[in-house]
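All of these numbers come straight from a predicted model, not from anything done at the bench. By convention in this document, chain letters (A, B, ...) are assigned in the order of the sequence lines, proteins followed by strands, and residues within each chain are numbered from 1. Atoms considered below: every heavy atom in the structure, side chains included; atoms not considered: hydrogens, waters and symmetry mates.
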Amino acid sequence: MAREIAKAYDPQQIEGRWAEFWIKDNMFRADAHAPGPVFSIVIPPPNVTGSLHIGHMLNHTEIDILTRWHRMRGFNTLYLPGMDHAGISTQRVVVKQLADKGIDYRTLGREEFEKRVWEWKAESGGKIIAQMKQIGESCDWTREQFTLSPELSRVVREVFVRLYEEGLIYRAHYLINWCPTCLTALSDLEVTHEERQGHLWHIKYPAADGGGFVVVATTRPETMLGDTAVAVHPEDERYAQLIGKKLRLPLTNREIPVIADTMVDREFGTGAVKITPAHDPNDFEAGRRHNLPEIDVMTDDGKMNGNAGAYAGLDRFAARKKIVEDLQAQGLLEKITDHKLSVGLCERCKTVVEPRASNQWFCKMKSMAEKAMAAVERNEITMVPENRREEFFHWMRNIRDWVISRQLWWGHRIPAWHCGSCKEVTVARETPAKCSHCGSAALKQDDDVLDTWFSSALWPFSTLGWPEETPDFKTYYPTSLLITAYDILFFWVSRMIMMGIHFTGKVPFRAVYLHSLVRTASGEKMSKSKGTGLDPVALNQQYGTDAMRFCLTSMAAPGTDIVVSEDRLLGARAFANKIWNAARFLFVNLDKFEEGGAKLEDLASPEVREQAPYAFAGDVPLIDGWLFARLADTLDVVKDAFETQRFHEAVQSIYQFFWNDFCDWYIEWIKPELTSADRTRATVAWKNLFGAFEAALRLLHPVMPFLTEELWHQLPQRAGARSIALEKYPEARATWRNTAAIKEFALLQEVITAVRAIRAEMKLDPKKKLAAQFSSEDAATRDAIARNLDGVQRLALLSELQITPGKLPQAGGGLRSTSLFDVRIPYVETEIDLAVELPRLKKELERLSKDIASKERQLGDETFRSRAPEKIIKNLESTLAERRVELAKIEERLRELDGKSGAAPAA
RNA sequence: GGGCGAUUAGCUCAGUGGUUAGAGCGCUCGCCUCACACGCGAGAGGUCAAAGGUUCAAGUCCUUUAUCGCCCACCA
C-alpha cells in the first residue's frame, strides 16, 4: 500500500480537524470519581474584553502542556476553563463602543447598559473560546465557568455576607483614588505611577489680620480652593508665632487656621504646607487629626464644582492654569520652580487619578494576610521563580485595607440595602423584604458593584462547587498548580491565597508558577493599542499552532521575559517540518517493508512496540541500543524539567533528541538496514524504527499536539485506539539505559565527524568515496570501529577504512587526532592548505599548552590535593594525560608540516 | 526613597561551584546525497559588564561600581 503525504508540513490542512475531534466527544472531560493521582488546574480566566493575545498563548500553552503530560501519565486530570467579567475593563470597552456610535451610556440606564455588555460578553467570550479550541487546549469544556454567572454570583454573595458578618467588610468615608474618566473608585493597585516633570508653585497666603503672609509650596494649585488649613512643623521656629493664627485663603474669602503637625518636613519647600483633606491622602489624615472640614472642590468627572466659586465648571487642569494666572495678577505668586513628581494614573485609561474622600466599602486584609504568609512560609505553597516569594511577603506585610466597591454598572452588585427610614444597612444573601434594623420596607440596594478581583479571588473554589462539598471540590481542591503571569501576583494570586485559606481552610493551590511576560523586540509590554501586539491567530496561521507552542515554551526560562521574533518562529516551524518529514521517510519506505512479507498490523499494538529495541542475532544492534538510551536520558530531563516548570529545558531536550539523535544519526544510520537483503535484519530495523518513532511522537505530543495526533493516526494502531492524547507517555525503562552504547556510539560519531572535517579541509570531492586510515593504541577502540565499520564508512563516505594498532604518521595527509585515536586521509590529488592548517594547529597548540600548564599547576598544589574530592583529582589527572598525548601529536604534526613546507606561513 | 532583576558569541538567550562555557538565528565554506534547501555536512566567532573578595576550584557565592530594566512608596 502506497501512502501519499505532502512534502512540506502544512498545519492549516490538519489543525482544524483535530481541534474539532478533541472536543467532539468531550474527550478531555474530567471524572471526579476516576482513579489515579490528581492533577487539577484552573485557568487564569481571560477578560472578556476582546480576544486572546500572545501572553495568553504562552500561559495556555504551558497549562495545556502540563495537563496533557499528566493525563498521559495516568493522572486524574482536570483543566478547568472559564472567563472573567473584568468589571472596569469590559465596561470601558462597551462604553467606548457606544460612544463611537454617539451614545452616552448613562442615557441608556443601568439595565439596558448591562444588557449591552452581556451581548458583548457573548461576542468576546465566544471569540476567546474559539481561540482556545483552535489552539488545541485540552480543557473540560463541560465545566466552563464565568465569574458573573448566576452560580458564581451566589458564591460571591455568600462570601461577602460572611465577611460582613465577621466584621471584615465595612463601609466607611475615606480618601480613595478616583478616576474621573471611568467614574469609579480604584484600589491602590489599579493606579500606576509615572514620573513627570512638574512645577512647585510658591503661593503667598496673607495673614487674616493683615500682617504679612505665609508662603506655601504646592504641585497642585487648583486644590487650594479646598484648603482648610496650613500646617507647619511644631518645632519650626520660623512659624512658631503663627500657630493658631488665621490666614486668608487667596481667591476665596475663607479664613483657615495655621496648625502644627509633625508630618511637615521643614526642609521641603517653605516648610509650610497647605492642607486639603478632601484631595490628598496625607491631608486627609491630617484633617482627621485636627478636626478640619473637608471641602471637595471637584465633580465626578474632574471639573471644579460649586465649592470652587468662580472656577466652577472648569476642568481641573484649566482651573490650575487660571488660578496661577489670577494669583500672579494679584501678586500672590512668589515663584515657580521645576519639580519632578510621580503622578498616579488609572491603570485602564491612563487618566490622572484624583484622590477624593468618599463613602466606599472596604475589606480588612491584615488577618487574612498573616495566615497566607504563614502558609507560604510553611511551604504549603511553593513559588517558582523563588524570588517572587520575597515580593509576595513584602506586599503582604504592608497590606492595607482593600477598597472593594466600584461605581460601575458591570459587576457583582453589592448585596447591601440601604433603609430609607432608619438609614441603616442590611446585608443579605437574598434580596431582603424589610430592613433588619427597623423593619421598614423602604429598601434600596447599594448602587455599587464589587471590584472584579473580588470574584477572581474566589475562582479556585467557586468554580469547583464551594460552599457545597461537591465531588469536584473534594477531588480537585486544592488545585495542583497555578500558572499565571507575574504581573498579577498582588492583584490575583495573593488574594486567592488569602480568600482560599479563609473560606476553605486550605491553600487554593499547592504551587504557583509565575511565567514571563511576552515583550516586543524593543522590550515593551505588548499592547494592542500601541500596535505592538502580535496577533496569535495570524501567527498560528502563518507558522502553525504547534510551532507557536514550541517557540514560546522553548524560550520560557523562569524569571526572564521573552521576546518573540520572526527568526524564532521560523526555527520552530522548521522543527515541525522536520518531524513531518521524518514521518514521511517512514511512509515512503513502507512498501519495501511490506514487500518483504511483513505486515503493518504487526506493529499496531503497543505491546509489540513497547518491546523495542528488538535484538538481531541475539543482540540489540548498537544503534538501537544507543537511541533508546538517549530516549531514556531525554525522558529523565523532561520529567525533571516539567515537574519544576522548566519548560525551556524540557522542550529543548526533546528538540535535541528528535533532530540531532533521531534524524541526524539514527535515521541516517539505519537506512540501509531497512532494505537489507537479510529479511530478519530488515524487520528488526523496521520494528525498532517504528517503536522509536511512535515513542518520539508521544514524547512530543504535549508540546505539539496537532502534528503528533495527525502522524500518530497514520501509523498502524490497534483497533479502538482513539487519540495519542489518551495514550501512555513514554517511560524511561531500566532496560533502555545503556551507558556503554552511548559511549561507543559517541566514538563512532567522533570518527565520522573527523573524517568529514578532513574532507572539507582538503576540499575533496564531496561525493567521492575515499580510503582512510584509523589507528588507536586501545584494542577496544579498534574493535568498536571494526564492529561498526559499515556504518562508519557509509556516513563518512569512505571506500575503506584501514584499522591499525598504534599511531599514524603525522604527515602526508589530512589528519585529526585525539588522545585515543588518529584518523587520516592520505594525499592523493589534493594536499592540505598549509595557510589554513598551520594556524589552526598553532592555535590548538596554544590552547592545549595553556590548559596543560593550568592543570599541572593545580595538581601540583598541595591544598588542592588535600581538599578536593578524590573524583575531581582523578578526572583532572586523566584529562591531563590525554591533553599531553594530544599536544605531542600536534607538535609532531607541526614539525612535519613545517619541515615539508620549508617556510611556514606566518601564523 | 526602598526592593528586585539583568549585563555570557554579531543578535536573542540557556547555563544546578568541579574536564576545553552551550543553543537557536545570523555569518563563512561546501553540497538540490532518492524524508526534509523549512534541508545536509564542515567551520569561524566568547579576557562570561568592571574592580575587589571567599574557595583547593567562580560565568556560578559575597562586596563595591557602572549601565539598562521592572516593581513598590502619601514627601506637599
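- Comparing rC32(B) with rC38(B), their C1' atoms sit 14 Å apart, to the nearest whole Å.
- Across all strands, Arg865(A) comes closer than 4.0 Å to no nucleic acid atom at all (heavy-atom distances).
- When the C1' atom is used for both rU60(B) and rG15(B), the distance is 9 Å, rounded to whole Å.
- Here, rU47(B) and rA58(B) have their C1' atoms 15 Å apart, quoted to the whole Å.
- Within 4.0 Å (heavy atoms only), Ala574(A) reaches at least one base atom of the nucleic acid.
- Rounded to whole Å, the C1' atom of rU65(B) lies 34 Å from the corresponding atom of rC25(B).
- Residues Asp567(A) and Ser565(A) bring no donor and acceptor atom of their side chains to less than 3.5 Å of each other.
- When each of rA35(B), rG43(B), rG15(B) is scored by its nearest atom to the side-chain atoms of Val588(A), the top-ranked nucleotide is rA35(B).
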Would His290(A) and Asp261(A) count as a side-chain hydrogen bond (donor to acceptor under 3.5 Å, both in side chains) here? Give the steps. CA-CA 9 Å; His290(A) 297 273; Asp261(A) 196 297; 2.6 Å; yes

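- Taking atom P in both rC62(B) and rG69(B), one finds a spacing of 24 Å when rounded to whole Å.
- Between Asp664(A) and Ser565(A), it is Ser565(A) whose nearest contact on RNA chain B lies nearer the 5' terminus.
- Residue Glu862(A) is classed as having no contact, given no heavy-atom separation below 4.0 Å to the nucleic acid.
- The side chain of His648(A) lies closest to rA14(B) when the candidates are rU19(B), rA14(B), rA76(B).
- Counting any heavy atom pair closer than 4.0 Å across all strands shown, Arg568(A) reaches a base atom.
- You'll find that the side chain of Asn581(A) is closest to rC36(B), out of rC40(B), rC36(B), rC38(B).
- Nearest-nucleotide assignment on RNA chain B puts the 5′-proximal partner with Lys671(A), out of Trp395(A) and Lys671(A).
- Set against rC13(B), rC72(B), rC36(B), the side chain of His394(A) has rC72(B) as its closest nucleotide.
- Between rA57(B) and rG39(B), the distance separating the two P atoms is 46 Å to the nearest Å.
- Ring pair His339(A)/Phe268(A): centre-to-centre distance below 6.0 Å.
- Nearest nucleotide to the side chain of Glu668(A), out of rC38(B), rG24(B), rC36(B): rC36(B).
- In this structure, Ser866(A) reaches neither bases nor backbone, as no heavy-atom distance under 4.0 Å exists between it and the strands shown.
- Relative to the six-membered ring of Trp201(A), Arg220(A) misses at least one condition, a distance below 6.0 Å or an angle of at most 45° to the axis.
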